[in-house]
Amino acid sequence: MPVFSDALLAALNAPQREAVITTEGPLLVLAGAGSGKTRVITTRIAYLIEKQAAAPESILAVTFTNKAAEEMRVRVGELVGQEKAKKVTISTFHSFCLQVLRRDIGHLGRRRNFTIYTENDARILLRRVTDELGTEESERYSPARFHQAISLRKNHGGKAPAISRAVRISAADEKYESRLSHVYESYQSALQAANSLDFDDLLLFTHELWQRFPEVLESVQRQFRYVMVDEYQDTNRLQYELLRMLTAAHRNLCVVGDDDQSIYSWRGAAPRNILDFEKDFSEARVIALEQNYRSTGVILAAANGVIGNNRERREKKLWTSRGAGRLCDLFIVGDEEEEAREARRWLEHIVRSTKAAWRDFAVLYRSNMQSRPFELAFREAGIPYKVFGGQDFFERAEVKDLISYLKLLANPRDEAAFLRIVNMPRRGIGDSVLHQAHEVCRTEGCSLSKALFVLLERGQTPSRSEGGIRRFLYMLQDFRKRYKENGHGLRETTEALIRAIGYAEEVERVSKTPEQAQARLQNLDVVLQALSRYVEEAACPSLSGFLDQTHLDNASMEERNHYETDDQVSLMTIHSAKGLEFPFVFIVGLEDGCLPHEQSMKEGGIEEERRLFYVALTRGQRHVTLFQALSRMRHGKERECKPSRFLTEIPAELLRMHGCAAPQMMSRG
DNA sequence: AGACCCAGGTTTTTT
DNA sequence: ACCTGGGTCT
């Protein structure tokens, strides 16, 4: 087993070392892009354990994504060994809160077997709720929009925030605010009736629990003596509040972040948290990590030049001891198709002259729809590529169906799950029966399936659907028992379930082509495989445990590390590139309206757009290439484009310009 | 239940 | 221009 050695400390630069050995009291680490922040956090954890004799169980490290948590766990394991690393709590805010609630939500008068509502479930519920509240609300505002607004509200600690930029509502929509409160309330009651919590509730209920039951908070405080937070610039108000409560007793809170990389304020992140840290923790130490180990001097100079134009920031400048490197290339092209063709040719040129692999390249864009031309151009040229962040696995209908079955079995009151699968496959249970069932629910305060049972007993169901209802209810009862009795047989039980409901036949019937049916059945298989994997890995496997993991970790379904092993060019949005690095980065669509994006300029978010560009630039290790088009299709029409204002913020001597030929001149072969 | 049509919207995305 | 989703008609 590896032992913490002083060589580890010696290998750090001075501020990094400082951050590692400052273990007591509040600490803010301003970690510039590529400054070795993960290394600092993991070394700090190792230092606490090996040098300060802190119990691994007393350390909590919070990240924003499961991927980041996973990576951190691996790296801590390399430093202190698996045994100890396993005892450190490294998780996302949401899974940490879920753990708390699974144990103690009873205090709040809620059941412990609640299910988690996804975005989709929330919309289903909101559609029903707004329909019932009357037509006015549901006519004008989509469930998605309501949910976005509700989510923002929850993340501000239940208080109404100023009308957010993220929810685009005009001045004419003033009454929207009062409607919103109404919808919010009804939505919460509906969630409660469904014995469910949405993602934001995981945080919100934890907050409430700690506030109302100090003894619960105290026990958590006692356990975690050392708390660390990664990507602190992405915390929202509610998360900050949780951290404050959690560390109130010992104030051993170490937050690591970079205000210049805050690109999620549109979804509730409060970058002020990082700017105001010393206000809230007056005794805080602040350490800036400015030495960059990732990029060339040219790339850093360009990035510094750009970000220096922001006013709302902590002054810092990245530097490197490495050489200047190659100038940034800027291609000016006619339109998005030429952009893709030029990028393809330039990429092939670099590959020829440097022997780089495909995986060394990333094409970064502002919005997902920009990927199309590149996909076509690359496919044509036989360049392997992977588009990140397309349609989610969970968005596939058959996956949603199967998961809904599982959710309903784990939580009989789950309304969204019930509504999704009650007539899938068809059982002749139509709107009128469901309407009656809703009525029964309201009067009896029971679940929808119980309501169906009541209707059956009263003989109020149409004879046509009676058999279907009976079989449906029997199936639920049967499988609920089977899942409960056999945690290790999750996969087998689920296979039996699929057979029992005749789902494969339904898929075949509904699919247009045999290939489509095949693909859908394969998706079901992925879920089954995930079940097997879960049973293997879990200490005490259960259906609800599987669902928790599934809901909080998108990647749990995918074959792991798939993309890292394949030699492919990465196509992704700048947002999803955060935290990654590539030897060669292409940033495309550098036009006013595209980057910065038109919408966000209107909303006054120019500084966040600039940070976005900054993030894009600092992904590059060896070389960055920029692309600007003179015209681009927007809303279906060809539109002239001005160059991005950010281009002029890059010192001109760092740029090498390439041709501005007329489109027809550029096309060849 | 399924096909068809029209309206609306179209930045970024995790949990 | 294009896709999604909801509503309507058969």
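We name chains A, B, ... by the order of the sequence lines, and we start the count at 1 in each one.
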Specify the separation, in whole Å, of atom CE of A/Met572 and atom P of B/dT13. 11 Å
Short side-chain N/O contact from A/Asn368 to OP1 or OP2 of B/dT13, under 4.0 Å: yes
Suppose we screen for side chain to side chain donor-acceptor pair (under 3.5 Å). Which residues come up paired with A/Arg632, at least two apart in sequence or across chains? A/Glu339, A/Glu591
A/Leu202 CG - B/dT14 P separation (whole Å): 17 Å
Please produce a list of atom pairs where a protein N or O lies less than 3.5 Å from an N or O of nucleotides 6-10 of chain C.
{"from": "C/dG6", "atom 1": "OP1", "to": "A/Arg127", "atom 2": "NE", "distance (Å)": "3.4"}
{"from": "C/dG6", "atom 1": "OP1", "to": "A/Arg127", "atom 2": "NH2", "distance (Å)": "3.4"}

Assign A/Asp234 to base, sugar-phosphate, or nothing according to its heavy-atom contacts below 4.0 angstrom with the strands shown. nothing
Using the side-chain contact (heavy atoms from CB on, under 4.5 Å) criterion, which residues pair with A/Ala504? Sequence neighbours excluded. A/Leu521
Would you indicate what A/Asp548 reaches in the nucleic acid, counting non-hydrogen atoms under 4.0 angstrom: base, sugar-phosphate, or nothing? nothing
Sorted by position of nearest nucleotide on DNA chain B, 5' first, the leading residue of A/His575 and A/Ile429 is A/Ile429
Residues two or more places apart in sequence or in another chain: which of them pass salt bridge (charged side-chain N to carboxylate O under 4.0 Å, His left out) with A/Arg272? A/Asp276, A/Glu312
A/Glu598 atom CD is separated from B/dT10 atom C1', nearest whole Å, by 12 Å
For A/Arg366 and A/Asp553, take the nucleotide of DNA chain B holding the closest heavy atom to each; which residue's nucleotide lies nearer the 5' end? A/Arg366
Hey, are A/Thr92 and A/Thr63 close enough side-chain-wise for a donor-acceptor pair under 3.5 Å? no
Taking only residues two or more places apart in sequence, or in another chain, which ones meet A/Arg313 in a salt bridge (charged side-chain N to carboxylate O under 4.0 Å, His left out)? A/Asp260, A/Glu315
In whole Å, what is the span from the CE atom of A/Met633 to the C1' atom of B/dT10? 14 Å
Any protein N or O atoms within reach of nucleotides 2-4 of chain B? Criterion: under 3.5 Å, listing atom names and distances.
{"from": "B/dG2", "atom 1": "OP1", "to": "A/Arg426", "atom 2": "NH1", "distance (Å)": "3.0"}
{"from": "B/dG2", "atom 1": "OP1", "to": "A/Arg509", "atom 2": "NH1", "distance (Å)": "3.0"}
{"from": "B/dG2", "atom 1": "OP1", "to": "A/Arg509", "atom 2": "NH2", "distance (Å)": "3.4"}

Taking the ring of A/Phe224 and the ring of A/Phe96, is the distance between their centroids below 6.0 Å? yes
For the side chain of A/Asn66, starting at C-beta, report the closest nucleotide among B/dA1, B/dT15, B/dT13. B/dT15
Take atom CG of A/Asn120 and atom P of B/dT14, then tell me their distance rounded to the nearest Å. 15 Å
Under the side-chain contact (heavy atoms from CB on, under 4.5 Å) rule, collect the residues that match up with A/Arg471, sequence neighbours excluded. none
Planes under 30° and centres closer than 5.5 Å, is that true for A/Phe199 with the base of B/dT14? no
Side-chain contact check for A/Asn423: nearest option of B/dT13, B/dA1, B/dT15 is B/dA1
Partners of A/Arg128 by salt bridge (charged side-chain N to carboxylate O under 4.0 Å, His left out), sequence neighbours excluded? A/Glu132, A/Glu415
Run the salt bridge (charged side-chain N to carboxylate O under 4.0 Å, His left out) test against A/Lys400 and tell me which residues pass, sequence neighbours left out. none
If the cut-off is 4.0 Å, is A/Ser576 near the phosphate of B/dT13, judged by side-chain N/O to OP1 or OP2? yes
note: A/Arg634, atom CZ; B/dG9, atom P; distance rounded to Å ~ 18 Å
Between B/dT12 and C/dG5, how far apart are the two P atoms, rounded to whole Å? 16 Å
Take the protein atom CZ of A/Phe93 and the nucleotide atom P of B/dT13, then report the distance between them rounded to whole Å. 21 Å
Integer-rounded Å distance: B/dT13 C1' and A/Leu552 CG: 15 Å
Quick check with a 6.0 Å cut-off and a 45 degree axis cone: is A/Lys407 positioned over the face of A/Tyr405's six-membered ring? no
Answer with base, sugar-phosphate or nothing: what part of the nucleic acid does A/Thr118 contact at a heavy-atom distance below 4.0 Å? nothing
